[in-house]
Amino acid sequence: LVDATFTHRKSRKNIIKIARSLGKEIVCYYFDVSVDICKIRNKERFGRVVPDFVIDRQFGNLEITDAAEVDTLNFVDLEGRIVRTVDYRK
């Protein structure tokens, strides 16, 4: 299990390479949340709050994964429910 933002393909490359070399299935969860909701939730966090410009930058640089990187891509809604799954292994 790897818990990280990994907004760029380049940032995911090494961890994907390691997982593939170990024969692991790669599953990604994409949290389909607007930038405005992220900023609201960020301000409600306990502990470290990220500046708005960081959230804006992350959204602007986001490269959603595809079949070249993962086996399965799950889209998660605001309530934490998986609303769509793309199985690239088929």
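Counting heavy atoms from C-beta outward, K43 and D52 have side chains that approach closer than 4.5 Å. For the pair V35/Q58, no side-chain contact is recorded, criterion being any heavy-atom separation below 4.5 Å from C-beta on. Proximity of N42 to V54: side-chain heavy atoms (C-beta onward) are nowhere separated by under 4.5 Å.
I82 and Y29 make their closest contact through CD1-CE2, 3.7 Å (heavy atoms, listed as atom of the first residue, atom of the second, distance). In this structure, E79 and D77 approach most closely via the heavy-atom pair N-OD1, 2.9 Å. Taking all atoms of both residues into account, the shortest heavy-atom contact from R45 to V49 is O-CG2, 4.1 Å. Taking both residues in full, the closest heavy atoms of S34 and F59 are given as C-CZ, 3.7 Å, listed atom of the first, atom of the second, then distance. The shortest heavy-atom contact between T65 and R9 is CA-NH1, 4.2 Å. Considering every non-hydrogen atom in both Y88 and A67, the closest pair reads CD2-CB, 3.3 Å.
Under the 4.5 Å side-chain heavy-atom criterion for grouping Ile, Leu, Val, Met, Phe, Trp and Tyr, V83 is not connected to V76 through any hydrophobic cluster. If you chain together hydrophobic residues whose side chains sit under 4.5 Å apart, F6 and V50 never meet in one group.
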Exercise. Could you go step by step and tell me if V70 and V27 meet the side chain to side chain contact (heavy atoms under 4.5 Å, CB included) rule?
Worked result: CA-CA 6 Å; V70 301; V27 179; over 6 Å; no

For this session: Would you check, one step at a time, whether the test side chain to side chain contact (heavy atoms under 4.5 Å, CB included) holds for I26 with E69?
Result: CA-CA 8 Å; I26 300 172; E69 294 183 304; over 6 Å; no

Problem set entry | side chain to side chain contact (heavy atoms under 4.5 Å, CB included) evaluation trace for D56 with K39 | CA-CA 9 Å; D56 290 331; K39 288 177 181 180; 2.7 Å; yes

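To the nearest 0.5 Å, the span separating CG on D36 from CD1 on I55 amounts to 10.0 Å. Distance check: F31 CZ to I37 CD1 gives 15.0 Å after rounding to the nearest 0.5 Å. To the nearest 0.5 Å, atom CG of residue D32 and atom CG of residue N74 are 12.5 Å apart. In this structure, CZ on R89 lies 4.0 Å from CD on E25, to the nearest 0.5 angstrom.
Comment: R20 engages D71 in a salt bridge, judged by a side-chain N to carboxylate O separation of less than 4.0 angstrom.
With a 6.0 Å cutoff to the six-membered ring centre and a 45° limit on the axis angle, R84 counts as a cation-pi contact of F75.
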